[in-house]
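Bear in mind that the values here come from a model prediction, so they are computed numbers and not experimental data. Side-chain atoms are counted along with the backbone in the values below, which use heavy atoms only and exclude waters and symmetry mates.
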Amino acid sequence: MPEGPSIVILKELLQPFKGKKILSVEGNAKIDLDKLQGLKVVDVKSWGKHLLICFNGSYIRIHLLMFGTYRINEEKEGVLPRLAFTFKNGTVNFYTCSVKYLEEEVDTAYDWDADIMSESWDALKAEKKIKSLKTEKVCDLLLDQEIFSGVGNIIKNEVLFRTQIHPESLANKLPSKKLKELIKETRNYSFDFYHWKKTFELKKHWLIYNKKICPKCKQAVKKEHLGKGKRLTCFCENCQKLYE
DNA sequence: TCCAATGTTTCGCC
DNA sequence: GGGCGAAACATTGG
């Protein structure tokens, strides 16, 4: 469920609750629910994979991790919500997610320029961050939430195929032009992901992720667990160039 | 039935 | 202390 574009969609679905007061809170989240009672939602934002329900001077941070789900104006059967809100105009339920309540201003808490889906996304800043890094493989680079906040494993695989870069290429060995292309395509694909997710045709557009045959050269797709997190990486050895 | 998967944090060990 | 690996959390589909 949860890469950056999916969280943007969730944020949009929650906009009707902006300006509304929390009438009641429930859930098994390990936070002080009493503190939330009666608070007015002043905004609902997202930063990468974080959903941020904002109040005056504090906010709730929800991360759906791998299996998190939600329901709006309905509930899942036989499962207790981690966090559930009742508003005058509806209900919101979150399941199997990480919940934190932070008593600080949300605007100063995040580097908004790093959010791949944000209108304040700053490609040049990302490039500078990358150039300040030591040797790093591009498969790790793309999953770095400080640089590409919101990028997940699917986006990683698809972007590397689109740009024809081998996942084990070293980031600092990419020619400058290629690096710029990678950064640009990461944002582009994230927006494609967003649109396809909305129309339920995301899988249909996968070129390399979960595929058996390279759509370009018809060679078998290689699948390996690469990088620091040993995440599943699908790539074409023939089409994706290794920079080292 | 078992395993792996769109993720992150924490703990233990060397 | 850094780096690495494993565990923890937990759901769903192949």
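Between A/D111 and A/K129 there is a salt bridge, since a side-chain N of the basic residue sits under 4.0 Å from a carboxylate O of the acidic one.
Separating the CD atom of A/E77 from the P atom of C/dT11 is a distance of 16 Å, rounded to the nearest angstrom. Rounded to whole Å, the distance from CZ on A/F67 to C1' on C/dA10 is 6 Å. Rounded to whole Å, atom P of B/dT8 lies 15 Å from atom CD1 of A/I62. The distance from atom NE2 of A/H63 to atom P of B/dT8 is 4 Å, rounded to the nearest whole Å. B/dT6 atom P lies 19 Å from atom CE of A/M117, rounded to whole Å.
Side-chain atoms of A/K197 lie closest to B/dT6 of the nucleotides B/dT8, C/dA10, B/dT6.
Looking at heavy-atom distances under 4.0 Å, A/K76 makes contact with sugar-phosphate atoms alone, never a base. Across all strands, A/H225 comes closer than 4.0 Å only to sugar-phosphate atoms, never to a base (heavy-atom distances). Residue contacts for A/L232: at a heavy-atom cut-off of 4.0 Å it reaches the sugar-phosphate backbone alone, with no base atom in range.
Distances shorter than 4.0 Å separate none of the side-chain N or O atoms of A/K230 from OP1 or OP2 on B/dA5. Side-chain N/O atoms of A/R231 include one lying less than 4.0 angstrom from OP1 or OP2 on B/dT6. Remark: A/K49 is not in phosphate contact with B/dT6, judged by side-chain N or O atoms under 4.0 Å from OP1 or OP2. Close to B/dT6, at under 4.0 Å from its OP1 or OP2, lies a side-chain N or O of A/Y209.
Within the 4.5 Å cutoff, no side-chain heavy atoms of A/K241 are placed close to those of A/Q164.
Atom CD of A/E104 has more than 12 neighbouring heavy atoms from other residues, nucleotides or ligands inside a 6.0 Å radius.
With a cut-off of 3.5 Å on both pairing distances, C/dA10 has no Watson-Crick or G-U wobble partner at all. Nucleotide B/dT6 has no partner under the Watson-Crick or G-U criteria, as no pair reaches both atom distances under 3.5 Å.
Nucleotides of DNA chain C nearest to A/K228 and A/T96 differ in position, and the one nearer the 5' end is that of A/K228. Heavy-atom distances to DNA chain B give each of A/L65 and A/K100 a nearest nucleotide, and the one nearer the 5′ end belongs to A/L65.
For the residue pair A/Y59 and A/E105, no side-chain donor N or O sits within less than 3.5 Å of a side-chain acceptor on the partner.
A cation-pi arrangement is not found for A/K35 relative to A/Y101, the charged atom failing to lie both closer than 6.0 Å to the ring centre and inside a 45° cone about the ring normal.
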